[in-house]
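One structure is given below, encoded as structure tokens.
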Amino acid sequence: MTKQSDKTNKSGPDMIYRSFLDRHIFALPKCTKCNQFHFFPRVVCPYCGEFELEWLAISGKGEVYSTTTIYRKPERGGDYNVCLITLDEGPRMMSRIEDIDAKLVNIGDKVTARIINDDDEPFVVFTPSKEAS
Amino acid sequence: MAHNLRGSSAIVGVGLAGCGEAHGKMPLDILAEATHNALDDAGLKLSDIDGLFTGSSYHFMPTLSTAEYLGIKPRFSDGSMVGGSSFVAHTLNAAMALKTGLCDVALICYGSNQRTAGGKLATMSEQQIYEAPYKPRYPISSYALAAARHMYQYGTTREQLADIAVAARQWAQLNPAAFARDDLTREDVLNSRMISDPLSLLDCCLVTDGGGAVIMVSSERAKDFPNKPVYLLGTGTAHWHRQITQMPDLTVTAAKESGERAFKMAGVTQNDIDVVEVYDAFTINTLLFLEDLGFCEKGEGGPFVSNGNIAPGGSLPVNTNGGGLSCVHPGMYGIFILIEAIQQLRGHCGARQVNNAEVALVHGNGGVLSSQVTSILGTEEVL
Ligand SMILES: [Zn+2]
């Protein structure tokens, strides 16, 4: 138990996640016991309760699990996409699909992560995957 | 063997206040007026209340603010906050407190001036930091994502969702106290302004003011009051997530578990339920809850709710006051489904009265399909 608190005291999972993104790496915590990745990052595996976790870069590949177009007046920036992505490694996260009209995003679409900066805060969006899958 | 909370407490007073527009009133003013009406209904006074159960989007410590306003000094208080489902959940905690003698007269209450205060959803919720960068509209986008997934997996249509809004409106037209009573067609819903697709404006609940209060006592003294008592047969709670990204399967809510728990405690099945009141913040809620509570199979909610099946005259009376969609929805709606179920079991519902209603199911929702709470209520005949 002291070992884990020593480790987590160095930096919390949210800071670790963002520091990877700052270096343009999309990494998530993986459980050393059940081997599952989880998102959002925690100090404990939500699937099995293990506190011993390691951070690994992930593929950035995923699939649209669900999607909505939020309608907004053109003068305020127009319609935009909000979706849920199931990553190939398992976890699900909220994101948006770029490089495609919001209304053309479909459930089941294969997508690839892109790390962008907005107000100096790095975060992950997705674009349609090039290769057929 | 029956659960020892089954039928151990009963509702002997209900009150509504300020439903629709309550100009110039604060949330606690409305709550207090609803409480006044519930006390009148039960033939009790404020000083009789020694158990307080409440939740609020306006008061960080709602039991303290409420008791202070009312001038009461409860022996037992519970401000458990699970969003709009809180007031349904409070029935379980009140039953436990009454059964164990921690209080003798429990008040469950709520009030909100959401509409006249400007229509914005009051919230003390923390920002969800892993969702905020994508600017989802809270809470509608979470429900839209669930609706889109249900459509994808089961072929559910916008027309079927629209029929839920139409059924709610038809019930509202039988309820003089409902806020929205104009005629409504499937086309009206489909043609209303899209907000977060597939959900458009008329897939969304109203924004009104309103308050409600419920008074519960031990069943041993339930017949000492002017109205026919309504017994709490069972309540079950369940929650699997807080944020929509963490919901394991967007087509299955924790209502599956809360319902199983409530049915088990109550010792009844779906076939015994005469009237159903579910928290319809959006049309998709009604569909998901009817499936998860076992009134139809998973994926068959679309056909089940269409063609008037849950409307007046249909096979299953659902949301007989007109629901959050057409009757009342002041920020959090849980207390109002409870009150409508009680009124149905008392036989006080006039034109919308369900014949021989003896067992009612109430289902509350909180957060973004997050907290699920099911209560089953019954008359003396089913005790
Ligand atoms: Zn694990």
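Chain identifiers are assigned alphabetically (A, B, ...) following the order of the sequence lines, protein sequences preceding nucleic acid strands; residue numbering begins at 1 within each chain.
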For residues [X] and [Y], determine if any side-chain heavy atom of one lies less than 4.5 Å from a side-chain heavy atom of the other.
{"X": "B:T245", "Y": "A:R92", "value": "no"}
{"X": "A:M94", "Y": "B:P136", "value": "yes"}
{"X": "B:L250", "Y": "A:L84", "value": "yes"}

Which of residues 15-37 of chain A have a heavy atom under 4.5 Å from any heavy atom of chain B? A:Y17, A:R18
Does a sphere of radius 6.0 Å around [atom1] in [X] hold more than 12 heavy atoms from other residues, nucleotides or ligands, not counting ones at 6.0 Å or beyond?
{"X": "B:H239", "atom1": "NE2", "value": "no"}
{"X": "B:K264", "atom1": "NZ", "value": "no"}
{"X": "A:Y47", "atom1": "OH", "value": "yes"}
{"X": "A:E121", "atom1": "CD", "value": "yes"}

Polar side chain donor-acceptor pair, A:T68 to B:S141, under 3.5 angstrom: no
Residue pair B:Y152 / A:N106, side-chain donor-acceptor N/O under 3.5 Å: no
For B:S371, all residues meeting side chain to side chain donor-acceptor pair (under 3.5 Å), sequence neighbours excluded: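 For B:S371 the side chain to side chain donor-acceptor pair (under 3.5 Å) partners, ignoring immediate neighbours, are B:S85.
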For the backbone of [Y] and the side chain of [X], can you confirm whether one donor and one acceptor N or O come within less than 3.5 Å of each other?
{"X": "B:R149", "Y": "A:Y65", "answer": "yes"}
{"X": "B:R137", "Y": "A:Y71", "answer": "yes"}
{"X": "A:R96", "Y": "B:K135", "answer": "no"}

What part of [X] gets within 4.5 angstrom of chain A, counting heavy atoms only: side chain, backbone, both, or neither?
{"X": "B:Q128", "value": "neither"}
{"X": "B:L145", "value": "both"}
{"X": "B:M247", "value": "backbone"}

Straight-line distance of A:S95 OG to B:E131 CD, nearest 0.5 Å: 11.5 Å
Intermediate values then yes/no, side chain to side chain donor-acceptor pair (under 3.5 Å), A:N81 and B:Y134: CA-CA 8 Å; A:N81 172 256; B:Y134 309 105; over 6 Å; no
Aromatic ring centroids of B:Y130 and A:F39 under 6.0 Å?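 Aromatic pair counts; centres sit under 6.0 Å.
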Best-contacting candidate, B:A144, B:S196, B:A148, B:A146, against chain A by heavy atom pairs under 4.5 angstrom: B:S196
Best-contacting candidate, A:V124, A:I107, A:D79, A:V125, against chain B by heavy atom pairs under 4.5 angstrom: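 When all of A:V124, A:I107, A:D79, A:V125 are compared, A:I107 has the most.
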